[in-house]
Trainee: 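Just dropping this structure here.
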Amino acid sequence: EVMIVDDEADARHLIRHMLERAGATVHAAPSAIAALDELRVRHVDVLVSDIGMPDLDGYALIARVRELPSPAATVPAIALTAYARPEDKEKAFGAGYCAHVAKPLDMDELIGAVATAASRAED
């Protein structure tokens with residue numbers, strides 16, 4: 001199962017559609033706060049989160065996820081962001097994400113990142 005976190009409804013819909021077409025079961029949250037509520041009660045294999053969100057951004061979200069009880073704390077997470085410089089990738093990895101996918105999204109890249117992250121979750 002994959003959880004998508006993005007404050008933009010169009011982005012959530014597009015990502016959900018593409019991941020479902022690739023065979024994933026997808027849950028979507030419109031905010032970091034909603035995602036945290038879901039993660040407390042639902043097991044997911046991969047978290048895909050936008051970085052630039054109001055209230056709690058993706059960096060604050062991953063920090064809080066890593067503080068949850070296991071197994072939620074260890075869910076592989078993918079950062080989605082328009083910032084694609086090497087230092088942006090480093091910041092995402094340093095924050096606790098295992099992958100960084102730049103916007104505008106290349107769906108094949110995102111699907112590959114989700115598949116890689118899901119295989120890490122199974123190990």
Trainee: How many angstroms lie between atom CG of L14 and atom CG of L110, to the nearest 0.5 angstrom?
Mentor: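 Taking CG in L14 and CG in L110, the distance rounds to 9.0 Å.
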Trainee: Can you give me the closest heavy-atom contact between H27 and R42, atom names plus distance?
Mentor: CE1-NH1, 2.8 Å
Trainee: Taking the side chain from R16 and the backbone from V26, do they hold a donor-acceptor pair closer than 3.5 Å?
Mentor: yes
Trainee: Rounded to the nearest 0.5 Å, how far apart are CG of D45 and CE of M3?
Mentor: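 Here the interatomic distance stands at 11.0 Å.
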Trainee: In residues 54-64, what donor-acceptor pairs under 3.5 Å come from side-chain atoms, sequence neighbours left out?
Mentor:
from	atom 1	to	atom 2	distance (Å)
D57	OD1	Y59	N	3.0
D57	OD1	A60	N	2.8

Trainee: Taking L47 as the starting point, is it possible to reach L105 by hopping between hydrophobic residues whose side chains are less than 4.5 Å apart?
Mentor: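 No.
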Trainee: Can you hop from V114 to V44 via hydrophobic side chains spaced under 4.5 Å?
Mentor: no
Trainee: Could you grab the distance from atom CZ of R12 to atom CG of D6, nearest 0.5 Å is fine?
Mentor: 7.0 Å
Trainee: For atom NZ of K103, decide whether the heavy atoms of other residues, nucleotides or ligands shown that lie under 6.0 angstrom number more than 12.
Mentor: yes
Trainee: Are any of the side-chain heavy atoms of V5 and M53 separated by less than 4.5 Å?
Mentor: yes
Trainee: Which atom pairs, one a donor and one an acceptor, fall under 3.5 Å between side chains of residues 68-84 and the rest of the protein, sequence neighbours left out?
Mentor:
from	atom 1	to	atom 2	distance (Å)
T74	OG1	P71	O	3.0
T81	OG1	Y83	N	3.0

Trainee: What is the distance from atom CD of E38 to atom NE2 of H43, rounded to the nearest 0.5 Å?
Mentor: 13.5 Å
Trainee: Taking all heavy atoms of A34 and all of P30, pick out the closest pair and write down the distance.
Mentor: CB-CD, 3.9 Å
Trainee: Report yes if some heavy atom in the side chain of L19 is under 4.5 Å from a heavy atom in the side chain of I111; otherwise report no.
Mentor: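 A side-chain contact under 4.5 Å exists here.
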Trainee: Any link between V46 and M107 through a network of hydrophobic side chains (Ile, Leu, Val, Met, Phe, Trp, Tyr) touching at under 4.5 Å?
Mentor: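 Hydrophobic grouping puts V46 with M107.
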Trainee: Just so I know, are the side chains of V65 and L36 near enough to count as touching, which here means a heavy-atom distance under 4.5 Å?
Mentor: yes
